[in-house]
Chemist: 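Let me give you the structure first, and then I'll get to my questions.
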Amino acid sequence: MEEELYKTLPKHTCTWLQGIVTLYKYQGFWNSQTFHEKSMLAQSYKAQPSDILLCTYPKTGATWLKALTFAIVTRKKLDEVASANPLLTTLPHDCVPFLENHLEKIKANPSNYPILGTHLPYSFLPKSVIASNCKIVYMYRNIKDVIVSYYHFTRELVSLSVEDAPFEEVFDEFSEGVSSYGPYWDHILEYWKASQERPDIFHFVKYEDLKRDPRSNVKRLAEFLEYSFSIEEEKAGVVDDIIELCSFDSLRNLEVNKTGKQQVDEHFAMEHRLFFRKAEDGDWKKHFTDEMEHTIDKLVDEKMSGTPLVLK
Ligand code: A3P
């Protein structure tokens, strides 16, 4: 995107991040200049009908969804789900890379990456994705836990303590729609509307449903991906093995996820442990005032009316 264009876009410098991050609103969605650039470049990706695209708003459970999908799709190649599985030694985000963050690597060897992740809003997806009819899984999560997860993840990424990063400020920004890839509700609504037109290529998973009933949800996901579990596999405990392998406690205790890190850009490295914080439903209760709860409930009631999606 032309440098000049940024001067014309709505701009917001995040005070709760002590001004380290500036977001621009482009075609309805906020993001840093770096990520807007990456979104533009991602347009050149040529999707294949066999691709599986895992789409998420940040902090809604991409790490878990990637691990589960990878384990489901690769299981035929493994004698046992849990032995020698790449997930035991590799961060799920490296097994299933983000399209916009690893474009060159993916384009150089597309067959190595049949499953891709993305945070891109639906309207920012490469046109080839829709034309290819590839499968799209969209995961979403209760907005209050997303705000809390986003707060801690971003805060830790830029090494700010809780005292130095006021939660009230991220709450205000987020509920005004100003967050990376936000507004969160528009991210969901775009995918939801698209799924109404093409129900055959979309599958929605809710983080809390997956937590409450992993068996049914993992089986439904596998069915949608056309990697259904056979009766023999179910009897042999393959579904349960996959759920266990990808569980929060299993993944977060692996050496690669406890101590690994990777360079994001010339300025900072991202520690893998940041992707595994608490995974608690309702952690928001420790952060929200009654007023915040009321504000966000009213907001999502308004925004999500007309859909069966519940974000509260
Ligand atoms: P919390 O910050 O609430 O703990 P994403 O993967 O989209 O970045 O989302 C991160 C959130 O998912 C974090 O939530 C993280 O702890 C949680 N998470 C990571 N791995 C998980 C797993 N295997 N099962 C359930 N939740 C997981």
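For ligands, and for the atoms within them, numbers begin at 1 and follow the listed sequence. We count residues from 1, following the sequence as given.
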Chemist: Would you check ligand 1 and list the protein residues that come within less than 4.0 Å of it by any heavy atom, ordered by chain and number?
Modeler: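 The answer is K59, T60, G61, A62, T63, W64, R141, S149, Y207, C246, S247, F248, L251, F275, F276, R277, K278, A279, counting any residue whose heavy atom sits under 4.0 Å from ligand 1.
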
Chemist: Keeping to residues at least two apart or across chains, list the salt bridge (Lys or Arg N to Asp or Glu O under 4.0 Å) pairs with something in residues 163-190.
Modeler: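 Residue pairs with at least one partner in residues 163-190: there are none.
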
Chemist: Are the side chain of N217 and the backbone N or O of D213 linked by a donor-acceptor pair below 3.5 Å?
Modeler: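 Confirmed, N217 side chain pairs with D213 backbone.
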
Chemist: Check each of N85, L87, L68 against I242 using the side-chain contact (heavy atoms from CB on, under 4.5 Å) test, and report the only one that passes.
Modeler: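 So, applying the side-chain contact (heavy atoms from CB on, under 4.5 Å) to I242 and each of N85, L87, L68, only L68 qualifies.
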
Chemist: Sequence neighbours left out, what passes side chain to side chain donor-acceptor pair (under 3.5 Å) with K219? Give chain and number order.
Modeler: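 With neighbours one apart ignored, the set is E234.
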
Chemist: Let's go through R75 and E233 carefully: what are the C-alpha distance in whole Å and the side-chain angles of both, what is the deciding distance for salt bridge (charged side-chain N to carboxylate O under 4.0 Å, His left out) to 0.1 Å, and is it a yes or a no?
Modeler: CA-CA 10 Å; R75 75 185 189 273; E233 280 182 307; 2.7 Å; yes

Chemist: Looking at residues at least two apart in the chain, or sitting in another chain, which of them share a ring-ring contact (aromatic ring centres under 6.0 Å, His included) with F153?
Modeler: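 If we apply the ring-ring contact (aromatic ring centres under 6.0 Å, His included) test to F153, skipping adjacent residues, the hits are F275.
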
